[in-house]
2 protein chains.
Amino acid sequence: MKEIEKRLNDNGVRPTAMRILIYKYMAEKEIAVALTDIENAFAKADRTTLYRTLKTFEEKGIVHQIDDGTHISKFALCEPGCNCELEQDLHLHFHCNNCDETICLTEQKIPHINLPDGYVAEDANLVLKGICEKCSGQ
Amino acid sequence: MKEIEKRLNDNGVRPTAMRILIYKYMAEKEIAVALTDIENAFAKADRTTLYRTLKTFEEKGIVHQIDDGTHISKFALCEPGCNCELEQDLHLHFHCNNCDETICLTEQKIPHINLPDGYVAEDANLVLKGICEKCSGQ
DNA sequence: TCAATAAATGCACTTCCGTTGCACTACTAT
DNA sequence: ATAGTAGTGCAACGGAAGTGCATTTATTGA
Ligand SMILES: [Mn+2]
Ligand SMILES: [Mn+2]
Ligand SMILES: [Zn+2]
Ligand SMILES: [Zn+2]
């Protein structure tokens, strides 16, 4: 797991045991996770620590936060080298109405939108809702 | 205010005094409103009534709910004759990072997105964040 | 090495929003 | 007028986000 330590170090985050575990947990999941998910996975860790770990990860560009319309913040690891703030790296997210999972579609970029005069866009969030691959396949 | 009564009746909502007032309040505002906003505007009405009024309005196609990424549900009146569920009527929303207001850009439709195989889209939510017309102008 | 310092973690508590159950009131229809 | 239905008010609950402070762990440098 030296890779994880390196990734954290490279982003200016000290690789504590807890942080490595959380990173590993998120890397193994292919879907976006909520704080509660992590809480359930690490029952003996305190919620505040997990909460602040996610905050730190987000500030340092290790994860990005996702608003999937459930009013529960989800988080997912950033692609290595991605700049989530830049328009070019803004990808869309898909929320399944059946299994309630949210997934990054990193290949699908958010198209550029022309706004009326006076509006200045700094960020964008595009979420499609429907039936995911897994649920439609069965 | 016979127009409001008619609009409510046409959508199968009985036009009570409270409902007419809420509709009027939302019509006068050009921005999306949260339940708390309405609560503050009608101090003597109960929160539950306002909550259920919004629910009813939403079910009957009078308002649509907006997830602007603040984790607070916003609501705005639907255009007369609009079908918010249909892809063609899905418009984008703009959230101002400065004044914290959210506005419907009903002219700006959400572009069609091609999804990977297996994904079936039923709904979409596109929110742009930045500086609104009002805030960039001054 | 050891003390001083800084960073990370844990615990307790708060606030805010959304939601529900139940009782009461106002309206509608027979 | 009466019964039935729809609307409203009151109280309480639960989940999630966030904060202050004490404690533990890691880092630094004398
Ligand atoms: Mn993503
Ligand atoms: Mn709208
Ligand atoms: Zn699914
Ligand atoms: Zn603004």
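Heavy-atom basis, side chains included; hydrogens, waters and symmetry copies ignored. Numbered from 1 within each chain, the chains take letters A, B, ... in sequence-line order. In this text, all values refer to a predicted model and were calculated from it rather than measured experimentally.
- The A/R19 side chain lies nearest to C/dA8 when the options are C/dA8, C/dG10, C/dG18.
- Between the CD1 atom of A/I20 and the C1' atom of C/dT9 there is a distance of 15 Å, rounded to whole Å.
- For B/D117, the CG atom counts as loosely surrounded, since its 6.0 Å shell holds 12 or fewer non-hydrogen atoms of other residues, nucleotides or ligands.
- Below the 3.5 angstrom threshold, one finds a donor paired with an acceptor across the side chain of A/T48 and the base of C/dC11.
- A residue-by-residue look at B/K74 and A/M18 shows that A/M18 has its nearest nucleotide of DNA chain C further toward the 5' end.
- For D/dA17, the OP1/OP2 oxygens have no side-chain nitrogen or oxygen of A/Y51 closer than 4.0 Å.
- For A/L90 against A/A124, the heavy-atom pair with the smallest separation is CD1-N, 3.7 Å.
- Separating the CG atom of A/D37 from the P atom of D/dG15 is a distance of 14 Å, rounded to the nearest angstrom.
- Checking side-chain atoms of B/N40 against main-chain N and O of B/T36 turns up a donor-acceptor pair under 3.5 Å.
- Distance A/N9 CG to D/dT27 P: 10 Å, rounded to the nearest Å.
- Distance CD1 (A/I38) to P (C/dT9): 13 Å, rounded to an integer number of Å.
- Of the two residues near DNA chain D, A/K55 and B/K44, the one whose nearest nucleotide lies more 5' is B/K44.
- Dashed line: the shortest gap from a side-chain N or O of A/T49 to OP1 or OP2 of C/dA8 is not under 4.0 Å.
- For the pair B/D100 CG and C/dC16 P, the computed distance is 15 Å after rounding to whole Å.
- Residue-to-nucleotide contacts include no donor-acceptor pair under 3.5 Å from the side chain of A/R52 to the base of D/dG18.
- Here B/R14 lies in heavy-atom contact (under 4.0 Å) with sugar-phosphate atoms only.
- Side-chain contact check for A/H93 and A/H95: no donor-acceptor pair (N or O, by modelled atom type) lies under 3.5 Å.
- Distance from the side chain of A/D46 is smallest for C/dC11 among the nucleotides C/dC11, D/dG18, C/dT9.
- Per the geometry, CD1 belonging to B/I22 stands 12 Å off P belonging to D/dG7, to the nearest Å.
- The interatomic distance linking A/H71 (NE2) with C/dT19 (C1') rounds to 14 Å, in whole Å.
- The phosphate of C/dC27 (OP1 or OP2) has no side-chain N or O of B/T16 nearer than 4.0 angstrom.
- Rounded to whole Å, the distance from NZ on A/K60 to P on C/dA8 is 8 Å.
- One can find a donor-acceptor pair under 3.5 Å joining the base of D/dG18 and the side-chain atoms of A/R47.
- An OP1 or OP2 oxygen of C/dC17 is reached within less than 4.0 angstrom by a side-chain nitrogen or oxygen of B/T36.
- Between B/T53 and D/dG7 there is no side-chain N or O to OP1 or OP2 distance below 4.0 Å.
- Ion pairing of B/E122 with A/K129 is absent here, as no side-chain N (NZ or NE/NH1/NH2) approaches a carboxylate O to less than 4.0 Å.
- Out of D/dA17, C/dT19, C/dG18, the shortest distance to the side chain of A/L35 is found at D/dA17.
- Using a cut-off of 4.0 Å between Lys/Arg side-chain N and Asp/Glu carboxylate O, B/K2 and B/E5 are scored as salt-bridged.
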